[in-house]
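Just so you know, these numbers use all the heavy atoms, side chains as well, and skip hydrogens, waters and symmetry mates. Letters go in sequence order (proteins before strands), and every chain restarts at 1.
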Amino acid sequence: MNALDRKLFRDLSRMKGQALAIALVMGSGIAIYVMSAAAVESLESARSAYYDKCRFAQAFTHLKRAPNALVARIAEIPGVSQVDARIVVDVVLDAPGTPEPVTGRLISLPKGLHEGLNTLHLRKGRFIEPGRRGEAVVSEPFAEANGIGPGDRVRAVINGRLDYLHIVGVGISPEYIYQIRPGELLPDDKRFGVFWMDYEELAPAYDLDGAFNDVALTLAPDANEAEVLQHLDNLTERYGGLGAYGRDEQLSHRLISDEIQQLRATAVITPSIFLAVAAFIINVAMSRLVNTQREQIAALKAFGYTRREVGLHYLKLVLMIAVIGACIGSAAGIWLGNSLTDIYAQYFRFPSFEYHISSKAIFLAFFFAAAMSVLGTIGTVLRAMMLPPAEAMHPEAPGIYHQTFIERIGRRGMFSPPTIMILRQLQRRPVRAVLSCLGMAFSVALLVIGNFTVDIVNYTIDFQFFRTQRQDMTLTLVESRSLRGFHEIARLPGVTRAEPFRSAAVRLRLGHRSRRTAIMGLPQERTLYRLLDVDEREVAIPPSGIMMSEKLAEILGARIGDTVTVEVMEGERPVREVRITGLIRDFSGTSAYMDIHALNAMLSEGDVVSGAFLTTDATKLPALYKEIKETPLIAGASLKKAALVSFRETLAKNLLITTLFYVIFSCIVTFGVAYNSIEVTLSERSRELATLRVIGFTHAETSYILLGEITILTLAAIPLGLALGWALAALTVKALATETQRFPLVIESSTYAFAAVTVLLATAASALGARRKLKRLSLVAVLKARD
Amino acid sequence: MDSGLTAGSAPQPAEESAGPEAVLRVRGVSKVHHMGEIDVHALRGVDLDLYAGEIAVLLGPSGSGKSTLLNILGGLDHPTAGSVRHYDEELTTLDDARLTRYRRECVGFVFQFYNLIPSLTARENVALVTDIASNPMRPEEALGLVDLANRLDHFPAQLSGGEQQRVAIARAIAKRPEVLLCDEPTGALDAHTGILVLEVIGRINRELGTTTALITHNAVISEMADRVISLSGGEITGVRRNGKKVAPKDLAW
């Protein structure tokens, strides 16, 4: 190794505290990047392998009842590759050990088990055997949540008749990689499960002999999806088709896509901030290093080292720090990515979910780390290159200081000489002061956005479950029934209040944009299902007109006062023009609301209900559950409290883990920035401070000069950082928003306080360390040494 | 200032006949530093030759321009006007890269404050130069020449001032430079240590024949020189050739 490289390593080892701090900040960003990139890669490769293997369909539609003869006509649609017609129905189940009613989705399997689309991947047990009564394969999440498996029985009311499903196998399907009940915000594996059964068994039970009510199909490689969907709609319309849709609207697919999209956003935004902070602090550190080594640089040049060699020397130092950061970050990222993948494996069920990280992602991690560090220090490196060699011959002239603004306006008398020194020092290197302050501000901001996800989740849950949807339970009827059905529900034991709703599948159109959704009809008199406007004030439903979620309006490009075309997908399939009378705030889905009477009138139906929102008497729940399980007209029950509990047990816990990652990383950044700033100040001013000590200043007085600067910078950085945190949170909320999920910009004051206090503590801890160093400073040695 | 500086003081016929060659030839060199509103004239039309193998002492008070002159001789700085020739090569027109090569190949520097790299040992400080020189001695050899063979692996902080300066000299001569330029090499040292350092410089000059220019404000030191060039106010005020060089150990200040 040549002598100059030796100097490199010695310099690095001399500034190891700082170098490590910078490398850790950089590493934190890189870790988040690698972790997110690994999760994206793992999810994508697992999903695409699964889709290929199990022939996941590309278009879907549900209808009321169509004869099997229609299948051949669907298959003739240009662009259709393979068609799978089946029966899909929801029923209420009684699972062993679960008192609450369970919603089961029964799906018929084709005769040739492995020929159809969306084929089952068996995890346990065996496939059903045709002709054997009551056999079913159950979805894995449900089996796990309820502790059931092959050999167990589940009691079901199948089309009005009590029956037993005999579990013979546990499986997963590409249609339910993420198993969530349609219309729900949170998965509830204990109370929602999928069961695959023999067609021959389901068809007679639902009066679908020689018929089907659900279609899945794949497309030829050159197919135009929109045209196929249109054809499919045309063919199924007279059979009560609810509107065809592609994978982009398939719930499980979309939720995974959304997750991937959010991971991608995370992989860009957060690491960028971390690396920007790293660039700030490496700039400050290198600029100080070059300052203190100016005579060495000049000497090197005097000996004949070229500018390039000098520049390269410092660039190597920067790159070594970057490489250390990238190594730490990649290792941490790979490890964290593994844990993240494990977390995903709890929600996303793949036949094999292997942890996957490409060398490209690692390469990019190193590239970004190197690029940001070089970007942060290029000015300093150029300064070292351009330093005139004649400088070596004489010591650095005293820095040029000026009176500060405060002094100029005649307030000099207010400040002691030490304070004046602090102010002038800040003013002398304004760029560095600004960069240090920005670095610190960013770490405050990172702490804010690290924690605010928890605020968002709390807010959303409060909003969704306590402010808008205040029911304890939602019951859905098998088919829309007259008010009599509703009264029957209202009379169930333990029901303290019941409010009806009507739900109708529709397609909304405005201009060339359209969206498949459902309109919910609600009564005027209601307390359970409340609608809040964009200012989160409760609004009444107008007797006529439609209200819709902000997101749906955005998708349709609609504004209040616009008229949308409502194409009803059931019954008489009327098409009506309806005026938008208001926008509703919500954070998931694309809902639309009308007055229940207006909706029924539009459907040319009398007083019809699709289900009811209930509040219940907790002491009478067992009786209520028993009744629900045995009431044939109830197709599904969704329990808010149960869902909330399971959410807090699982998702929330995992969210907390990931939040913890971010907060730990943000704390590392904060300490890194504070430590670095103080080290720089200490090393630059030790000579000056030692001189002050020699001429009689106390330790406290010199500490004041040392720490005053960082204190001012920190105090300036906190409000700036909180504002920056708010802005970054707004950006994050925007970047993470998907159609299925949106996030309010909510930052609790506790989050702001946590960020501010953490930064103060980090600064104080670094300051105490520096103060001790200052105390240990050998006055004689400092004054003698020229470096 | 006349151009006959070389003859400015009673030339010795023996030397004249040997025809010492001018390694560096300075003509009409001026240097103006622009310091904000005012111009500082550091050098005003200096003419000077440095002959092969001699020790020339540039003597003058602070601000006389001697450091500026040395920087220009060493290719660290460009003059505002005038010509500096290294043999046939005009230094004033060289770009940074060519000046760097000149310094790399031809010049050894010794600074008043040593300018050792604190993070490198004595041996490594010398290696810094031998790494990039075309025909260097081994660092150990160079350190042997300055009597530091037993301090090879000491860091600058573990060496006395005199030792540090000798490392600096070893570093300067390890590349076997044509010209050794010393800027107040004893300025930071006490008399006893300073004399040790001057002895090393004298010995290098004798043994390697290195042309040496040495800056000092200490008139006593000028007695070890072949020639003494006095500067004041940016001008050469006199050139004296010493009839008899005094060995450094016999200098007294």
Do B:Arg104 and A:Thr306 touch side chain to side chain, with heavy atoms closer than 4.5 Å?
yes
Can you measure from CG (A:Leu4) to CG (B:Leu120) and round to the nearest 0.5 angstrom?
8.0 Å
For A:Phe303 and B:Lys175, the nearest pair of non-hydrogen atoms, with its separation, is O-NZ, 3.3 Å
Give a yes or no on whether a salt bridge exists between A:Arg10 and B:Glu124, defined as a side-chain N under 4.0 angstrom from a carboxylate O.
yes
Without swapping roles, check the side chain of B:Asn115 against the backbone of A:Ala299 for a donor-acceptor pair under 3.5 Å.
no
What distance do A:Gln296 atom CD and B:Asn125 atom CG have between them, rounded to the nearest 0.5 Å?
8.5 Å
Taking the side chain as C-beta and beyond, is there a heavy-atom pair between A:Lys301 and B:Thr100 under 4.5 Å?
no
Note: A:Pro389 and B:Arg103 closest approach over all heavy atoms is CG-NH1, 4.1 Å
When every non-hydrogen atom of B:Ser119 is compared with those of A:Asp11, the smallest separation belongs to OG-OD1, 3.4 Å
Is it the side chain or the backbone of A:Tyr305 that comes within 4.5 Å of chain B heavy atoms, both, or neither?
both
From the list B:Arg123, B:Glu105, B:Arg101, B:Arg171, the residue making the most non-hydrogen contacts under 4.5 Å with chain A is B:Arg171
Heavy-atom pairs under 4.5 Å with chain A - which of B:Asp77, B:Asp96, B:Thr130 has more of them than the others?
B:Asp96
So, taking the atom named OG1 in B:Thr121 and the one named CZ in A:Arg6, what distance separates them when rounded to the nearest 0.5 Å?
7.5 Å
Could you pull out the closest heavy-atom pair between B:Phe111 and A:Ala302, with the gap in Å?
CZ-CB, 3.8 Å
Do B:Tyr114 and A:Glu295 come within less than 4.5 Å of each other through their side chains, counting heavy atoms only?
no
OH/B:Tyr87: more than 12 non-hydrogen atoms of other groups inside 6.0 Å
yes
Say whether, by atom type as modelled, one donor and one acceptor occur between the side chain of B:Asp131 and the main chain of A:Ala3 under 3.5 angstrom.
yes
